[in-house]
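Shown next, in structure tokens, is the structure this report addresses.
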Amino acid sequence: MPREDIPIIEPYNPLDKRNLGASVAAAMLASPVHTLPPEPFIGAGVYAIYYRGDFAPYKRLVDLNKEGYNVPIYVGKAVPAGARKGGLGMNVDHGLALFNRLSEHFGSVSKANNLNEKDFMCRYLVVDDIWIPLAESMLIERFKPLWNRCIDGFGNHDPGKGRYQQQKSPWDCIHEGREWAEKLNPNTTSKDELLEKVAKYLENYTVQF
């Protein structure tokens with residue numbers, strides 16, 4: 001066979017950022033499943049939230065999780081306060097960054113008028129600061145979670161006094177209940193249109209566990 005017809009196989013590089021990110025993501029997916037929120041712990045890192053409730057539009061996700069917690073509805077990260085000021089990777093104090101973020105999410109689902117906080121579980125992994133954003137990106141790309149890719153707003157915070165002129169997020173339109181979100185302007189997309197978007201997204205949703 002002529003040399004030019006022989007395929008070139010790219011050598012595996014364990015230090016390639018994609019492989020490093022995949023390694024961190026795999027470690028998180030192998031971690032135990034906890035209630036939302038879990039018991040307090042110190043650290044920053046990445047997490048996945050799973051849903052197994054009776055909100056009808058999410059039935060396909062629930063079905064995919066019947067045999068275990070396979071498909072997250074949301075993936076996120078929590079970095080220490082110093083990292084948001086340019087201190088990423090500089091050994092800033094992690095505090096309860098990851099636990100606090102999961103607790104915030106618990107507060108959001110517990111306030112929603114059509115969700116039950118008992119239907120949510122989570123996985124998390126404490127990670128060295130520098131790998132947190134990469135691991136989050138890898139997990140979102142792999143699972144394309146509904147609340148990351150289709151329905152925005154779950155991770156939003158109260159914008160604060162004087163900043164309520166923005167639109168209510170799609171998530172808050174579907175899952176009303178967060179007091180501060182009710183102060184925002186109406187979304188230009190109706191709840192029915194958003195639910196139709198969810199239905200189309202999940203109809204074509206495929207993921208490799």
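This is a predicted model, so every value here is computed, not measured.
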Exercise for the section: Kindly give the heavy-atom pair with the smallest separation between Ala97 and Ala44, and that separation in Å. Expected result: CB-CB, 4.2 Å
Handout entry: Pair Glu203-Lys200, salt bridge (Lys or Arg N to Asp or Glu O under 4.0 Å): steps then yes or no
Key = CA-CA 5 Å; Glu203 180 182 2; Lys200 290 181 178 178; over 6 Å; no
Exercise for the section: Report yes if some heavy atom in the side chain of Leu146 is under 4.5 Å from a heavy atom in the side chain of Leu61; otherwise report no. Expected result: yes
Problem - Within 45° cone and under 6.0 Å: Arg52 NZ/CZ vs Tyr69 ring - result: yes
Completion exercise
Rounded to the nearest 0.5 angstrom, the CD1-CZ distance for Ile49 and Arg101 is 8.5 Å
Exercise for the section: Give a yes or no on whether Phe106 and Trp180 share a hydrophobic cluster (residues Ile, Leu, Val, Met, Phe, Trp, Tyr; joining criterion: side-chain heavy atoms under 4.5 Å apart). Expected result: no
Fill in the blank from the handout: Only one of Tyr51, Tyr58, Phe154, Tyr47 passes ring pair (Phe, Tyr, Trp, His ring centres under 6.0 Å) with Phe120, and that residue is Tyr51
Problem - Any donor-acceptor pair under 3.5 Å from Glu182 side chain to Glu179 backbone - result: no
Practice task
Return yes if some donor-acceptor pair links the side-chain N/O of Arg60 with the main-chain N/O of Tyr205 below 3.5 Å, else return no.
Solution key: yes
Exercise for the section: Output yes when a side-chain donor or acceptor of Asp158 lies under 3.5 Å from a complementary backbone atom of Gly160, and no otherwise. Expected result: yes
Practice task
For Gln166 and Arg163, indicate whether the former's side chain and the latter's backbone hold a donor-acceptor pair under 3.5 Å.
Solution key: yes
Practice task
Could you list the residues that satisfy side-chain hydrogen bond (donor to acceptor under 3.5 Å, both in side chains) with Tyr74, not counting sequence neighbours?
Solution key: none
Problem - No-hydrogen, no-angle side-chain donor-acceptor test under 3.5 Å, His175 and Asn113 - result: no
Handout entry: Point-to-point distance, once rounded to the nearest 0.5 Å, from CD of Glu104 to CZ of Phe99
Key = 10.5 Å
Problem - Stepwise side-chain contact (heavy atoms from CB on, under 4.5 Å) test for Lys111 and Glu176 - result: CA-CA 8 Å; Lys111 291 177 181 177; Glu176 295 179 309; over 6 Å; no
Practice task
May I ask you to test the Cys150-Lys197 pair for a side-chain heavy-atom distance under 4.5 Å?
Solution key: yes
Problem - Shortest non-hydrogen contact between Asn70 and Glu67, atoms and distance - result: ND2-C, 4.4 Å
Problem - Lys66 vs Asp63, side-chain contact (heavy atoms from CB on, under 4.5 Å): CA-CA, chis, key distance, verdict - result: CA-CA 5 Å; Lys66 280 184 177 177; Asp63 289 343; 3.2 Å; yes
Practice task
Take atom NZ of Lys191 as the centre, draw a 6.0 Å sphere, and report whether it contains more than 12 heavy atoms from other residues, nucleotides or ligands.
Solution key: yes
Exercise for the section: State yes or no: do Leu184 and Ile174 share one hydrophobic cluster built from I, L, V, M, F, W and Y residues joined by side-chain heavy-atom distances below 4.5 Å, directly or via other members? Expected result: no
Handout entry: Step-by-step side-chain contact (heavy atoms from CB on, under 4.5 Å) determination, Asp152 to Ser169
Key = CA-CA 6 Å; Asp152 296 331; Ser169 76; 5.7 Å; no
Completion exercise
Taken to the nearest 0.5 Å, the spacing of Arg178 CZ from His157 NE2 works out to 9.0 Å
Exercise for the section: Quick one: do Asn100 and Ser103 satisfy side chain to side chain donor-acceptor pair (under 3.5 Å)? Show the steps, please. Expected result: CA-CA 5 Å; Asn100 287 341; Ser103 297; 5.2 Å; no
Problem - Over all atoms of both residues, closest heavy-atom pair of Leu98 and Ala78 - result: CA-CB, 3.6 Å
Extract all donor-acceptor atom pairs below 3.5 Å that involve side chains of residues 26-41 and protein atoms in other chains or at least two apart in sequence.
unit_1 : atom_1 : unit_2 : atom_2 : d
Ser31  : OG     : Met28  : O      : 2.4
Ser31  : OG     : Tyr124 : O      : 3.4
Thr35  : OG1    : Pro37  : O      : 3.2

Completion exercise
Residues Ile151 and Leu194: closest non-hydrogen pair is CD1-O, 4.2 Å
Handout entry: Heavy-atom closest pair, residues Val46 and Ile132
Key = CG1-O, 3.6 Å
Problem - Spatial distance of atom CG (Asn185) from atom OG1 (Thr188) [nearest 0.5 Å] - result: 10.5 Å
Practice task
Check whether Trp171 and Tyr164 end up in the same hydrophobic cluster, where Ile, Leu, Val, Met, Phe, Trp and Tyr are linked by side-chain heavy atoms less than 4.5 Å apart.
Solution key: no
Practice task
Taking Asp172 for its side chain and Ala181 for its backbone only, find out whether a donor-acceptor pair lies under 3.5 Å.
Solution key: no
Fill in the blank from the handout: Nearest heavy-atom contact between Val75 and Ala48 is CG2-CB, 4.2 Å
Handout entry: Polar side-chain atom of Asn148 near backbone of Lys144 as donor-acceptor pair, under 3.5 Å
Key = no
Problem - Test salt bridge (Lys or Arg N to Asp or Glu O under 4.0 Å) applied to Arg123 - qualifying residues, sequence neighbours left out - result: none
